[in-house]
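Reading through the structure tokens given below for one structure.
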Amino acid sequence: LILNKQIMKTKKRNQFLNSCAFLICLFISSFAIAQDKSDLKVGVFEFESETIDYGTINKDEDGNRTFVFVNKGNAPILISNIKSSCGCTVPSFSKTPILPGESGEIKVKYATSRVGSFSKTITVLSNSDQPQKQLKIKGKVLKPNES
């Protein structure tokens, strides 16, 4: 009986020590992963504005606008593609990398021949910390007799 109690105590102590060792390893690996991420080289978009509001404009008025951003990361940003939620919105962008600290532009042309309110999404695909960044445009195009 005494031997059984000692065996049980030893098993419980070993389980406790194993649990402690597991938690320590988990903590150390979490710290190592966090440390590795801070050393990771990645570009970071910082846009002046992520939404462009055209406001109320007249039909066939200039639909060109520009999103301006700075690369706040520590690696170049390379935009691979930009998709718009509608064929009425045509984005254009530079194919050259935007180096850390440099600024870049994404130009958008909305077809102002379409009358009425609009809200469109532009999805920027890149190698940045946000591989799919969403930008928005919105506004209202007036009928010719509304102005």
For the [atom1] atom of [X] and the [atom2] atom of [Y], what is their distance to the nearest 0.5 Å?
X	Y	atom1	atom2	result
T121	K138	OG1	NZ	12.0 Å
S103	K72	OG	NZ	10.5 Å
Q130	Q132	CD	CD	10.5 Å
T123	L135	OG1	CG	8.0 Å
K136	D53	NZ	CG	13.5 Å
I122	S84	CD1	OG	7.0 Å

Donor-acceptor pairs under 3.5 angstrom involving side-chain atoms of residues 89-96: please list them, not counting sequence neighbours.
unit_1: S94; atom_1: OG; unit_2: T96; atom_2: N; d: 3.2
unit_1: S94; atom_1: OG; unit_2: T96; atom_2: OG1; d: 2.8

Where do E50 and K133 land on the side chain to side chain contact (heavy atoms under 4.5 Å, CB included) test, with the steps shown first? CA-CA 9 Å; E50 295 182 14; K133 178 72 175 167; 2.8 Å; yes

Answer yes if the side chains of T51 and S49 hold a donor-acceptor pair under 3.5 Å, and no otherwise.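 Their side chains do not contain a donor-acceptor pair, so the 3.5 Å distance test is not met.
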
Taking 4.0 angstrom as the limit, do E61 and K59 come out as a salt bridge?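 So E61 does not pair with K59 through a salt bridge.
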
So, using salt bridge (Lys or Arg N to Asp or Glu O under 4.0 Å) as the criterion, who are the partners of E48 when residues are at least two apart?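 Expected list: none.
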
For P97 and P76, which heavy atoms make the closest approach, and how far apart are they?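 Smallest heavy-atom distance, with atoms named: CB-CB, 4.0 Å.
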
Closest approach of F45 to V124 (non-hydrogen atoms, all atoms of both residues):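 Looking at all heavy atoms of both residues, the shortest contact is CZ-CG1, 4.0 Å.
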
Decide yes or no for N58 and V141: does some side-chain heavy atom of the first lie under 4.5 Å from some side-chain heavy atom of the second?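 In short, these two side chains do not touch, never coming nearer than 4.5 Å.
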
Report the residues that fulfil side chain to side chain donor-acceptor pair (under 3.5 Å) with T112, sequence neighbours left out, ordered by chain and then residue number.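 Testing T112 for side chain to side chain donor-acceptor pair (under 3.5 Å), a comparison that skips the adjacent residues, returns none.
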
Under the side chain to side chain donor-acceptor pair (under 3.5 Å) test, residues paired with K120 that sit two or more places apart: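 Once residues adjacent in sequence are excluded, K120 has no partner under the side chain to side chain donor-acceptor pair (under 3.5 Å) criterion.
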
Cut-off 3.5 Å, no hydrogens considered: what does the side-chain donor-acceptor table look like for residues 62-71, sequence neighbours left out?
unit_1: D62; atom_1: OD1; unit_2: N64; atom_2: N; d: 3.1
unit_1: D62; atom_1: OD1; unit_2: N64; atom_2: ND2; d: 2.9
unit_1: R65; atom_1: NH1; unit_2: D62; atom_2: O; d: 3.1
unit_1: N71; atom_1: OD1; unit_2: V44; atom_2: N; d: 3.1
unit_1: N71; atom_1: OD1; unit_2: G73; atom_2: N; d: 2.8
unit_1: N71; atom_1: ND2; unit_2: A75; atom_2: O; d: 2.8
unit_1: N71; atom_1: ND2; unit_2: I98; atom_2: O; d: 2.9

Intermediate values then yes/no, side chain to side chain contact (heavy atoms under 4.5 Å, CB included), L125 and I82: CA-CA 6 Å; L125 306 173; I82 298 182; over 6 Å; no

Verify side chain to side chain contact (heavy atoms under 4.5 Å, CB included) between L142 and I57, making sure each step is shown before the conclusion. CA-CA 6 Å; L142 298 175; I57 59 175; over 6 Å; no

Can you check side chain to side chain contact (heavy atoms under 4.5 Å, CB included) on V42 and N127, steps first, answer last? CA-CA 8 Å; V42 67; N127 66 337; over 6 Å; no

Cluster question for you: counting only ILVMFWY and a side-chain heavy-atom cut-off of under 4.5 Å, with indirect links fine, are I52 and F118 together?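 Yes, I52 connects to F118 through the hydrophobic network.
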
What residue pairs, at least two apart or across chains, pass disulfide (SG to SG under 2.5 Å) with a residue in residues 87-145?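 Output for this query lists C86-C88.
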
